[in-house]
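Both counts, for ligands and for their atoms, begin at 1 and track the order of listing. This is a predicted model, so every value here is computed, not measured. We're numbering straight along the sequence, starting at 1.
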Amino acid sequence: MSDYAQRVLDGLKARNAHEPEFIQAATEILTTLKPVIDKHPEYEKAGLLERYVEPERIIMFRVPWIDDNGQVQVNRGYRVQFNSAIGPYKGGLRLHPSVNLSIIKFLGLEQILKNSLTGLPIGGGKGGSDFDPKGKSDNEVQRFCQSFMTELYRHIGKDIDVPAGDIGVGAREIGFLYGQYKRITGSYEGVLTGKGLTWGGSLTRKEATGFGLCYLTQAMLQANGKDVAGKTVVISGSGNVAIYAAQKITEMGGKVVAMSDSNGYIHDPDGVKLDVIKQLKEVERKRIREYVKAVPTASYTEGCSGIWTIPCQIALPCATQNEINEESAKALIAGGVEAVGEGANMPSTLEATAAFQKAGVLFAPAKAANAGGVAVSALEMSQNSMRLSWNFEEVDAKLKDIMIGIFHKVDEAAKEYATPGDYVAGANIAGFLKVADAMMAQGAV
Ligand code: NDP
Ligand code: 2IT
């Protein structure tokens with residue numbers, strides 16, 4: 001690592017010692033930026049890296065709401081407005097009991113580079129709350145969302161900060177949040193993405209992250225003389241990203257044999273029946289263990305990490321951060337994995353990533369591989385501004401172009417600055433150069 005990057009990382013660790021996920025994301029980024037930092041000594045005088053790792057603004061707030069028993073509950077809300085050098089802050093909202101500042105900051109830091117890679121004019125931000133939507137009634141979720149937006153509305157806007165979904169935030173939550181924003185401000189504007197199709201949403205946004213992951217994984221395989229067709233695929237999670245990754249990879253000729261949720265995983269060697277998963281997860285909000293009732297030939301195993309012991313050629317982690325540790329990576333390698341495409345944000349630990357790269361596994365890092373969701377969010381913003389809607393095929397074609405374009409940018413940056421095939425370094429460098437250029441041009445702000 002360059003001296004400058006190392007000093008910035010040391011300072012970041014000292015100042016944020018209690019934020020392990022943020023330190024993990026920053027370590028990977030700063031480590032791989034060395035060739036760029038060495039080439040641009042002017043960055044140091046401009047304090048570029050110190051500014052890059054410090055959010056422009058962190059908003060933390062109380063979210064009081066009343067449960068169905070009349071009891072007042074209090075959660076903590078967050079919005080980290082990390083970097084607006086290339087566009088308004090853009091990034092999802094996560095509702096999960098594990099949410100804390102470290103997790104929101106790591107997601108925000110990643111989002112800056114991801115959004116840059118899309119080629120679209122969007123800065124980086126992320127938010128959420130430690131609210132757990134699981135087991136809550138629709139009315140409780142509505143009251144939480146209304147309370148959350150009652151504070152958040154003053155900090156966001158279509159040209160300021162445009163949140164969207166992430167874990168625990170789907171169409172239902174975006175609806176409640178949007179309704180409350182509109183009620184408070186009186187403004188019908190594209191302040192959130194992932195909206196319903198009758199009120200400003202974009203076709204293909206629901207499918208975008210999963211589809212985009214498959215387009216990029218396919219581009220990576222083909223650049224290396226391989227193809228998705230005929231491959232056995234393991235996908236973790238069974239939420240928005242996992243479901244549409246499973247759909248597209250199946251269309252491409254891959255066979256998905258396992259999926260999971262936070263309780264456990266199902267193994268269906270005949271190929272996972274996606275209509276059963278969609279019914280369970282999108283309609284009934286049930287646990288994945290119920291799958292074996294509909295498909296008795298499949299098996300269910302309690303606990304999620306065992307999914308990585310199932311032999312496969314393609315692994316698509318689509319659940320959450322650090323779900324693949326070194327042991328799981330070694331199990332995947334032993335099982336013959338040829339390619340990993342990260343649908344979730346930072347699903348592989350630093351040690352797992354190193355193990356994959358050392359073993360020669362094609363490895364598409366999250367900020368490139370899962371950029372399709374935010375890319376179509378940016379297309380939703382464009383459609384809202386123009387007050388028109390593109391059809392499914394148009395948006396899907398643009399998404400595919402963007403994902404293939406990202407792969408080429410990443411591939412070329414790896415070749416020019418790092419090691420050919422090191423898509424981790426390639427993604428960080430390609431994403432960073434655009435943001436750095438904008439930050440240098442805009443002065444010390
Ligand atoms: P969903 O809430 O729709 O689904 C999340 C899935 O992951 C569920 O199956 C959930 O299981 C599982 N999961 C969540 N947390 C954990 C955990 N701590 N341990 C084990 N399993 C867990 O979220 P998304 O599909 O939208 O998001 C999945 C990942 O993709 C996240 O990392 C997110 O940041 C990333 N991502 C999402 C984008 C989007 O457009 N939605 C865009 C880019 C990245 P359970 O139901 O049991 O909790
Ligand atoms: O991690 C991500 O890129 C998202 N959750 C989607 C963000 C967005 O603004 O669509």
For the residue pair N115 and T118, confirm or rule out a side-chain donor-acceptor distance under 3.5 Å. no
Relative to the heavy atoms of K134, which atoms of ligand 1 are at a distance of less than 4.0 Å? 45 (P), 46 (O), 47 (O), 48 (O)
Numbered atoms of ligand 1 (with element) below 4.0 Å of G237, judged on heavy atoms: 9 (O)
Between Y178 and Y188, does the ring centre distance come in under 6.0 Å? yes
Any idea how F144 and F131 line up, ring-wise: parallel (<30°), tilted (30 to 60°), or perpendicular (>60°)? parallel
Which atoms of ligand 1 have any heavy atom of T209 under 4.0 Å away? 38 (C), 39 (C), 40 (O), 42 (C), 43 (C)
Got more than 12 heavy atoms from elsewhere within 6.0 Å of NZ, K400? no
Under 4.0 angstrom from ligand 1, any heavy atom of M346? no
For ligand 1, which part of H96 has a heavy atom less than 4.0 Å away: the side chain, the backbone, both, or neither? side chain
Assess, by modelled atom type and distance only, whether the side chains of N100 and E19 contain a donor and an acceptor separated by less than 3.5 Å. no
Kindly say whether the aromatic ring centers of F407 and Y423 come within a distance under 6.0 Å. yes
Where ligand 1 meets R287 - atom numbers and elements under 4.0 angstrom, heavy-atom basis: 45 (P), 46 (O), 47 (O)
Do the ring centers of F363 and F356 come within less than 6.0 Å of each other? yes
With heavy atoms and a 4.0 Å threshold, my read on which part of R94 contacts ligand 1 is side chain
What are the atoms of ligand 1, with element, lying closer than 4.0 Å to any heavy atom of C318? 28 (C), 29 (C)
With ring pair (Phe, Tyr, Trp, His ring centres under 6.0 Å) as the rule and sequence neighbours excluded, what pairs involving residues 297-345 come up? none
Every residue of the protein that comes under 4.0 Å of ligand 2, judged on heavy atoms: K90, G91, G92, Q111, K114, K126, A164, G165, D166, R205, N345, G373, V374, S377
How are the rings of F432 and Y52 set relative to one another: parallel (under 30°), tilted (30 to 60°) or perpendicular (over 60°)? perpendicular
